[in-house]
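For the single chain, residues carry numbers from 1 onward in sequence order. Note that ligands are numbered from 1 as they come in the structure, with each ligand's atoms numbered from 1 the same way.
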Amino acid sequence: MGLLLEGKNILVMGVRNKWSIAWGIAQAAYKEGAKLIFTYQGQREGESVKELISEMEGTEACQCDITVDSDIDRLFETIREKYGTIHGLVHAIAFANREDLLNDFVYTSREGFAHALDVSAYSLVAVARRAKDLMTQGGSIVTLTYMGSEKVFPGYNVMGVAKAALETSVKYLAANLGPAGIRVNAISAGPIKTMSARGIKDFSNILEVVEKKAPLRRSINLEELGHTALYLLSGLSSAVTGEVLHVDCGYNIMGI
Ligand SMILES: NC(=O)c1ccc[n+]([C@@H]2O[C@H](COP(=O)([O-])OP(=O)(O)OC[C@H]3O[C@@H](n4cnc5c(N)ncnc54)[C@H](O)[C@@H]3O)[C@@H](O)[C@H]2O)c1
């Protein structure tokens, strides 16, 4: 078998630093021959992303704040001009206001609720709509979710609601875009230490419980997420769409 993603242009959204899940996925995709285009939120993230990708030949990074429509339009216009077609998109973006993760869920503000859902769920719809016009040979869109959409995890709060919206968006997008040969799936990742995870106040406790209770008695690593994303981005999963695939050492099957 040749390289899994040879000749594929893949847009990777959500690298912040070397611990980012999107970076784990990008490294796996690059090794399998993909040509990568990165986005970063703002100047600070841009510096770190540019440093990370400096050794990845032929890759580039563009600024895109996912809450700003003109940023998204400019990004896809640049990609259309430079690459014409894309074959894959990795969406690994989420955000909730700090106070909405620290206080009880019942105190979530209207603004905090709307903002978390805008950045963490609507953003997938916004990018899928633009990506479909460039996925002229079909494509694969992969997003990242967490089991906090299905069950209560203390401190995950409004992010759990946003992930539920994201997972249902995956299904509606899969149904809309399937006739064009575009697949849309989510990876439900087990807890892994990243900058975003640090914002969840009970994160170390969650990690400890998972390591004790998951059938495999551990949590996951970035490489394992990269490998799952390779499966979803490549032809290996050509008949899989609208799925939420748990990559969590089996934790989700446990009742207690
Ligand atoms: N770390 C975990 O335990 C875990 C588990 C399951 C799912 N996830 C999900 O994985 C995804 C990636 O998170 P991560 O853990 O790698 O953390 P991370 O902090 O490295 O990545 C989050 C990214 O979202 C970006 N982002 C936030 N607001 C943005 C905006 N307005 N515009 C553009 N980009 C914006 C940040 O710049 C950052 O690159 C998220 O969707 C997260 O919910 C994480």
Which atoms form the tightest heavy-atom contact between Ala165 and Ala121, and what is the distance?
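So the two residues come closest at CB-CB, 3.9 Å.
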What are the two closest non-hydrogen atoms of Val49 and Val15, and how far apart are they?
CG2-O, 3.3 Å
Is the count of non-hydrogen atoms from other residues, nucleotides or ligands lying under 6.0 Å from [X] atom [atom1] greater than 12?
X      : atom1 : answer
Glu81  : CD    : yes
Arg129 : CZ    : yes
Glu111 : CD    : yes

Please report which non-hydrogen protein atom sits nearest to [atom], along with the residue it belongs to and the distance in Å to one decimal place.
atom                    : result
atom 12 (C) of ligand 1 : Ala92 O, 3.3 Å
atom 20 (O) of ligand 1 : Ser20 OG, 2.6 Å
atom 40 (C) of ligand 1 : Ala94 CB, 3.7 Å
atom 9 (C) of ligand 1  : Leu144 CB, 3.7 Å
atom 31 (N) of ligand 1 : Asp65 OD1, 3.0 Å
atom 32 (N) of ligand 1 : Ile66 N, 2.9 Å

With heavy atoms under 4.0 Å as the rule, classify the contact between [X] and ligand 1 as side chain, backbone, both or neither.
X      : result
Ile21  : both
Phe203 : side chain
Thr143 : neither
Thr39  : neither

Quick one about Ser219 and Glu211 (side-chain donor to acceptor, distance below 3.5 Å, no hydrogens or angles considered), yes or no?
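The criterion, which ignores hydrogens and geometry beyond distance, is not satisfied for Ser219 and Glu211.
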Check: [X] N/O within less than 3.5 Å of ligand 1 N/O:
X      : answer
Glu45  : no
Tyr146 : no
Ala189 : no
Ser196 : yes
Thr145 : no

[X] and [Y] ion-paired at < 4.0 Å:
X      : Y      : result
Arg74  : Glu77  : no
Arg218 : Asp248 : no
Glu243 : Arg183 : no

Closest by any non-hydrogen atom to [atom]: pick that one out of [options].
atom                    : options               : answer
atom 39 (O) of ligand 1 : Gly14, Ser188, Gly190 : Gly14
atom 41 (O) of ligand 1 : Gln41, Lys163, Arg16  : Lys163
atom 2 (C) of ligand 1  : Leu166, Ile192, Val68 : Ile192

Does His87 form a side-chain hydrogen bond (donor to acceptor under 3.5 Å, both in side chains) with Ser140? I'd like the steps, not just the answer.
CA-CA 6 Å; His87 307 89; Ser140 170; over 6 Å; no
Would you check if the distance from the ring center of Tyr146 to the ring center of Phe153 is below 6.0 Å?
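Judged by ring-centre distance (under 6.0 Å), Tyr146 and Phe153 do meet the cut-off.
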Just so I know, are the side chains of Lys151 and Asn252 near enough to count as touching, which here means a heavy-atom distance under 4.5 Å?
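A side-chain contact is absent here, since even the closest heavy-atom pair is not under 4.5 Å.
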Cys64 heavy atom under 4.0 Å from ligand 1:
yes
Would you mind listing which atoms of ligand 1 come within a distance below 4.0 Å of any non-hydrogen atom of [X]?
X      : result
Val15  : 39 (O)
Thr194 : 1 (N), 14 (P), 15 (O), 16 (O), 17 (O)
Pro191 : 3 (O)

Is it the case that the side chain of Ser234 and the backbone of Leu236 share a donor-acceptor pair, with hydrogens and angles ignored and the cut-off at 3.5 Å?
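A pair under 3.5 Å: yes.
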